[in-house]
S.K.: 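Have a look at the structure that comes next, please.
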Amino acid sequence: MNNKLGLYLHVPFCDSKCAYCDFYSYRADVLLYERYTDTLCEHIRLAGERLKRQVDTLYFGGGTPSLLGGERIKRLIDTVRASFKGEIDEITVECNPADDLKADFELMKKAGVDRISLGVQSGINSELKALSRRHSVSDVIRTVNAAKAAGIHNISLDLMLGIPHQTMESLKASLDFLLSLEPTHLSCYMLKIEPDTPFGRADIKTLDLPDEDTVSDMYLFTSEYLQKHGFEHYEISNFAKNGFRSKHNTRYWLCEEYLGLGPAAYSFVNGQRFSFDRNCEQYLTAPHISPDGEGGDFSEFCMLGLRLKEGLDFSELERRFGAKPTELLKTKAEKFRNTGLVDLTDRNLCLTVQGFLVSNAVIGELLF
Ligand code: SF4
């Protein structure tokens, strides 16, 4: 077993709630930020003592981790370094472009943050408004410039496809806007309407969403356009310049282990999957862990691996799980050989970009 772990710290605070979001987050104040940071530091120390593993990627996700501010983020990073052995190869902080982060970026850089992820979502102000995002296009420019001025050049930007009012033209304008900021990485997600959100409760007709075929075209166009501009489409929703894949998130797709701390954070440690309950007050007073069984079986390994451009290597599958399930998978994959959805060779199976688009259906057929 690889002794190294990724560490994910969940920060469940947002200054306002976006209309489509069902992540666990809510509005809080500085007192709670302080209490939460103290608790996380304590849990990091305990985990370090118990697990005795190395941590080589650290990811602050949320919510809006940048709300904690540079000082608290530094305190958390220092605690991780003091509690876990090993060099940390990548430290990412998710940030909200609505806030003025100039001073925080300087502190983060000093603390070792070398990558930020910005939830831009669109380069069109009216679309941002429809998503009830707090920021505007000019806020994004200001934030990217501030990060670069602080010396953080590894910048990932999020874009959403299939959002209210979006057209192929406005998508291209958003992509051009993102490219003009010279990011190293882009995450492009299709909007999913979650039931327990304002979008989920709204009459769908009032949202002015592009239809399903248009969203599919948007996905294929995004892939082609970004590849033309020097980005590798390395995972279903992720694009990177050479050498800038997300190291932390790649762990998930390679079925490697990680510890998640904070309410609603998931973990895969010592072969077991578990999560903390979605309840911050409980996390602060008496954290409760819900077990989720053993992780890393054949289906899970394949399901995650097929998200990556490289797909699955048959000799690696045989080494881990034996010949029988591997042969069965090869037989099922044969049915897809001439569909344009998979690339199948004697050594390897992977999804094409067309296959990425319908990955749930293809993976379902291949594995279940
Ligand atoms: S900023 Fe991100 S986590 Fe917070 S409500 Fe909006 S989408 Fe959700």
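These values consider heavy atoms only, across backbone and side chains, with no hydrogens, waters or symmetry-generated copies. Note that ligands are numbered from 1 as they come in the structure, with each ligand's atoms numbered from 1 the same way.
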S.K.: Apply the test side-chain contact (heavy atoms from CB on, under 4.5 Å) to residues Leu118 and Val144: give CA-CA distance (whole Å), side-chain angles for both, the deciding distance (0.1 Å), then the verdict.
M.R.: CA-CA 9 Å; Leu118 277 187; Val144 169; 3.7 Å; yes
S.K.: Return the minimal non-hydrogen interatomic distance between Ala47 and Leu259, and the atom names on each side.
M.R.: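 Closest approach of Ala47 to Leu259, heavy atoms only: CB-CD2, 3.6 Å.
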S.K.: Is Arg133 close enough to touch ligand 1? Criterion: a residue heavy atom under 4.0 Å from a ligand atom.
M.R.: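 Distance cut 4.0 Å: Arg133 passes for ligand 1.
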S.K.: For a side-chain contact (heavy atoms from CB on, under 4.5 Å) with Asp114, tell me which candidate from Met108, His153, Glu90 qualifies.
M.R.: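 The residue from Met108, His153, Glu90 that satisfies side-chain contact (heavy atoms from CB on, under 4.5 Å) with Asp114 turns out to be Glu90.
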S.K.: What residue and heavy atom of the protein are closest to atom 5 (S) of ligand 1, and at what distance?
M.R.: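 Ranking protein heavy atoms by distance from atom 5 (S) of ligand 1, first comes Cys18 N, 3.3 Å.
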S.K.: N/O/S atom of Cys21 under 2.8 Å from atom 8 (Fe) of ligand 1, yes or no?
M.R.: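 It does: Cys21 brings an N, O or S atom closer than 2.8 Å to atom 8 (Fe) of ligand 1.
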S.K.: What atoms of ligand 1 come closer than 4.0 angstrom to any heavy atom of Ser16?
M.R.: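 Answer, ordered by atom number: 5 (S).
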S.K.: Should the proximity of Cys14 to ligand 1, defined as any heavy atom under 4.0 Å, be assigned to the side chain, the backbone, both, or neither?
M.R.: side chain
S.K.: Does the Lys NZ or Arg CZ of Lys330 fall within the cation-pi geometry relative to Phe314 - under 6.0 Å from the ring centre and within 45° of the axis?
M.R.: yes
S.K.: Which residue is it: Arg251, His248, Glu256? I am looking for the one with a side-chain contact (heavy atoms from CB on, under 4.5 Å) to Asp56.
M.R.: Arg251
S.K.: Within ligand 1, which atoms have a heavy atom of Tyr20 less than 4.0 Å away?
M.R.: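 What qualifies from ligand 1 is 7 (S).
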S.K.: For the residue pair Phe13 and Tyr36, categorise the inter-ring angle as parallel (less than 30°), tilted (30 to 60°) or perpendicular (more than 60°).
M.R.: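 It falls in the perpendicular class, over 60°.
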S.K.: Atom 3 (S) of ligand 1: which protein heavy atom is closest, and how many Å away?
M.R.: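 Looking only at protein heavy atoms, the one closest to atom 3 (S) of ligand 1 is Gly63 N, 3.4 Å.
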